[in-house]
Amino acid sequence: MKMSKLFVQTLREFPSDAEVISHKMLVRAGYIRKLTSGVYNYLPLMWRVLKKVENIVREEMDKAGAQELLMPFVQPKELWEESGRWEVYGKELMRLKDRHNREMCLGPTHEEIITSIARDGLKSYKQLPVNLYQIQSKFRDEVRPRFGLLRGREFIMKDAYSFDTSEEGLKKEYENMAKAYSRIFKRCGLNTKMVQSDSGAIGGSVSHEFMVITDTDAGENDVFYCDSCDYSANSNHAISNLPEANIVGKYEKAEIIDTPDTHSIEELSDFLKIPSTIIVKTLVYIVDKKPVLALIRADKQVEETKLMNAVGGVDIRIATAGEIEEMMGVNGFDAAKGFIGPNGLKEYNGYPVTIIADNTVKEMKNFVIGINQEDKHGVGYNWGSEVKLPEIVTDIRLVEAGELCPQCGKPLKVTRGIEVGNIFQLGTKYSKPMNAVFTDVDGKTKPYVMGCYGIGISRTAAAAVEAHYDEFGIKWPLAIAPYHAIVIPVSTKDELQMKVANDIYETLKKHGVEVVIDDRDERPGVKFKDAELIGFSYIITVGKSINEGLVEFKTRETNEKSQMKPEDAAEIVVTAVHNIK
RNA sequence: CGGGAUGUAGCGCAGCUUGGUAGCGCACCUCGCUUGGGACGAGGGGGUCGCACGUUCGAAUCGUGUCAUCCCGACCA
């Protein structure tokens, strides 16, 4: 490809609306342009990268025994009603109506469609197991798209779905996919960590996420991990053991005391001169419109996903001050935030109040707790006497770095991660309600045991930029670079330079190298800047030293430069390209 | 959805306070000059100033409304 004809417009400056590295770089280097919020044009350079990522995914999926197909982007409401998700999925599901007023949606994921395909085609255990996948644009009407390709509304995803006759079969396929994923991300030049995670709206029991750990701020997930063993988990799923703490209060008898203006835990513990580990904190949440009280040891935070799962909801938020006031009124109290407690709160918004206690409060004794009276707290309280231990006591606690690994007891560490893939064991979550069954050996019909496996293709490409860049631009891993190399004649007017540059260009092309020659009548600085910004893996410069028979060879990954003969430079590139796998 | 901000040429911005019919840098086109790190000179093209209504002789500028975009929080590949 001639640079003069390559469709690319590099910018002198970073776009003002971009925040993270990959977004800044991809726009400035001419890979993407935003069309509207969360929706991007993939320009020719970007499309080349995406196709390479896709092909790696495709090769590894095929090698792992999966079969590719393609499902529609527009889906009918009826299937989503069968699975029960038309109601549950929420506003991210982009709903629309056709000319006959029939309700449709843009596919955010394809469990419903694939399940309907399977139940039509997979009737016998003899046909199982099967793993089907597709690579396609998805649309999720995110509340707040951001970070360029890392969180768009429209994005490219590989989604795979497996169908097995048994849990054992599913587990085997799950392992198989986990291995394929590791190979895929490795080939894309990414270091990933496979971490335990919550299964969220997709559902199912066991799930893991593949996180890219970078030193940029682009990661949106906190990953807790242990250096001493293999434990790692997303913060929404991580568990830990707590170091010893003082959980027995100094109070000898239960009483109500004045605690004026102690609206926060800090103020309360300062006022009473006690550690926050003997205070039970009560937080008010609204889960799917229903009131939920969360009780937790006051030095710890609630993990909202865990709390939501404990209640069995799909949407959670902390209650507003107004809602809290209303709830107090309904139940005959008049206390504000800071003085709330579980005693006496019965109902709100037409629903009974659900109370969930975190494991941390169970062993606490003679503790301090809100009693729904302004400027007062109960002290020396105990479960079973002054206050009832809630029926549900479970883990709703957000892990913090330094707490102890649940597997080996060493302190946990935390890091930010970009989620590029995930795998779920769905079980019969979709096959059962959608009546997707096969006939087993014993002649009985049974629902498929399903798994699903996603990879964000466009996100993976963006994550690769987050992991490979420097002050000059992108440093693509060779396997996903839009072009492997660029040949730069310093002066297009110099006949010898042009001839040698062209020779190298032709040689590389002949050997299957994807190469660009910068034939533009630009000053050298412009060509170097562009080459580095765009991120060609190898940069071969033909300049004055060609009079001594030498060219300059630069490896973008390391920025190492050296002088060598043209044929040697070509040789290095050809060998490197042939060694991609 | 809660909080904050911004909409002026493809990109980055000024002008708005104090209303007078739009400007700078980059990019683009032509000519010259230049060719190892985003040169220089001369000339040129491109914007109904997000949109609507209002105030005014006159609105990018003032007012009201509206739409869009971005940032911080809660959700996800």
Side-chain angles (χ1 to χ4, degrees), chain A residues 9-20 23 27-28 30 33-39 57 89-93 108-109 135-160 181 197-202 207 209-212 220-221 234 236 285-286 304-305 308 314-318 320-322 418-424 452-463 472-473 488-494 497 520-533 539 541-546 551-552 554 561:
Chain A
Q9 173 73 63
T10 57
L11 305 177
R12 204 61 168 273
E13 291 162 281
F14 287 119
S16 63
D17 60 358
E19 199 64 15
V20 298
H23 188 194
V27 172
R28 182 169 169 197
R33 271 297 171 99
K34 185 175 67 189
L35 182 61
T36 183
S37 178
V39 180
V57 169
Y89 210 96
K91 290 184 186 146
E92 276 146 57
L93 185 63
T109 175
I135 296 173
Q136 180 206 46
S137 285
K138 294 276 183 283
F139 196 95
R140 292 184 193 172
D141 198 3
E142 295 279 347
V143 191
R144 182 149 114 76
R146 62 182 139 176
F147 297 162
L149 260 37
L150 286 174
R151 174 181 289 275
R153 290 194 294 171
E154 183 172 315
F155 57 96
I156 301 174
M157 182 175 170
K158 185 281 302 182
D159 45 326
Y181 273 35
S197 77
D198 177 67
S199 43
I202 308 283
S207 81
E209 293 168 338
F210 286 77
M211 295 285 189
V212 174
E220 292 190 81
N221 300 271
N234 191 318
N236 65 21
Y285 282 90
I286 305 293
E304 296 186 355
T305 305
M308 185 172 78
V314 294
D315 181 59
I316 186 169
R317 62 181 175 80
I318 195 109
T320 63
I418 302 169
E419 182 187 350
V420 288
N422 63 19
I423 53 180
F424 293 96
C452 82
Y453 318 90
I455 290 179
I457 302 286
S458 39
R459 183 182 277 183
T460 297
F472 305 110
I488 301 178
V490 169
S491 168
T492 50
K493 301 233 165 43
D494 184 303
Q497 288 183 24
R520 295 175 302 172
D521 184 21
E522 288 284 357
R523 295 171 63 83
V526 174
K527 298 184 183 183
F528 295 145
K529 291 286 186 197
D530 277 344
E532 284 153 4
L533 182 59
I539 300 171
T541 305
V542 185
K544 281 191 187 115
S545 55
I546 195 59
V551 298
E552 181 185 286
K554 174 165 163 169
K561 290 192 275 194

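We use all heavy atoms of the structure for the numbers below, so side chains are in, but hydrogens, waters and symmetry mates are not. Throughout, protein chains are lettered first and strands after them, A, B, ... in sequence-line order, and every chain is numbered starting at 1.
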Q) Does the base of rC76(B) carry an N or O that pairs as donor and acceptor with the side chain of Arg151(A) under 3.5 Å? A)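 For Arg151(A), whose side chain was compared with the base of rC76(B), there is a donor-acceptor pair (under 3.5 Å).
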Q. Got a donor-acceptor pair under 3.5 Å from the side chain of Gln497(A) to the base of rG36(B)?
A.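 Per atom types, no contact qualifies.
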[X] [atom1] - [N] [atom2] separation (whole Å):
X: Leu35(A); N: rA68(B); atom1: CG; atom2: P; result: 14 Å
X: Arg520(A); N: rU34(B); atom1: CZ; atom2: P; result: 21 Å
X: Glu142(A); N: rU69(B); atom1: CD; atom2: C1'; result: 17 Å
X: Ile488(A); N: rG37(B); atom1: CD1; atom2: P; result: 13 Å
X: Asp141(A); N: rC1(B); atom1: CG; atom2: P; result: 11 Å
X: Ile546(A); N: rU35(B); atom1: CD1; atom2: P; result: 19 Å

Q: Kindly point out which of rA74(B), rG36(B), rA39(B) is positioned nearest to the side chain of Arg523(A)?
A: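 Between rA74(B), rG36(B), rA39(B), the one nearest the side chain of Arg523(A) would be rA39(B).
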Q. Between Ser37(A) and rC70(B), does any side-chain N or O lie under 4.0 Å from OP1 or OP2?
A.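 For rC70(B), OP1 or OP2 has a side-chain N or O of Ser37(A) closer than 4.0 Å.
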Q. So which heavy atom on Pro145(A) is nearest to which on Ser37(A), and how close?
A.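 Looks like CG-OG, 3.2 Å.
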Q) Looking only at heavy atoms, what is the nearest atom pair of Leu533(A) and Leu11(A), with distance? A)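 Shortest heavy-atom separation between Leu533(A) and Leu11(A) comes out as CD2-O, 4.3 Å.
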Q | Distance (rounded to the nearest 0.5 Å) between Glu419(A) CD and Arg151(A) CZ | A |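 Rounded to the nearest 0.5 Å, the CD-CZ separation comes out at 9.0 Å.
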Q) How many angstroms lie between atom CE of Met157(A) and atom OG1 of Thr460(A), to the nearest 0.5 angstrom? A)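 Met157(A) CE to Thr460(A) OG1: 10.5 Å, rounded to 0.5 Å.
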When you compare [N] with [M], how far apart are their [atom1] atoms, in angstrom units rounded to a whole number?
N: rG15(B); M: rA60(B); atom1: C1'; answer: 8 Å
N: rG43(B); M: rU8(B); atom1: C1'; answer: 26 Å
N: rC75(B); M: rA39(B); atom1: P; answer: 48 Å
N: rC70(B); M: rG12(B); atom1: C1'; answer: 16 Å
N: rC49(B); M: rC13(B); atom1: C1'; answer: 14 Å
N: rA42(B); M: rG47(B); atom1: P; answer: 24 Å
N: rC57(B); M: rC67(B); atom1: C1'; answer: 31 Å
N: rG20(B); M: rC31(B); atom1: P; answer: 40 Å

Q.
Applying a 4.0 Å non-hydrogen cut-off, can you work out what Gly473(A) is touching in the nucleic acid: base, sugar-phosphate, or nothing?
A.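 The residue Gly473(A) makes no contact with any strand.
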Q | Main-chain N/O of Arg520(A) paired with Lys527(A) side-chain donor or acceptor, under 3.5 Å | A |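 Confirmed, Lys527(A) side chain pairs with Arg520(A) backbone.
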Q | Main-chain N/O of Ser491(A) paired with Gln497(A) side-chain donor or acceptor, under 3.5 Å | A |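 Yes; at least one donor-acceptor contact below 3.5 Å.
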Between the protein and nucleotides 9-13 of chain B, list the N/O to N/O atom pairs that are separated by less than 3.5 angstrom.
| from | atom 1 | to | atom 2 | distance (Å) |
| --- | --- | --- | --- | --- |
| rG10(B) | O2' | Arg33(A) | NH1 | 3.1 |
| rG10(B) | O2' | Arg33(A) | NH2 | 3.3 |
| rG12(B) | OP1 | Ser16(A) | N | 3.1 |
| rG12(B) | OP1 | Ser16(A) | OG | 3.1 |
| rG12(B) | O2' | Glu13(A) | OE2 | 3.0 |
| rC13(B) | OP2 | Ser16(A) | OG | 3.2 |

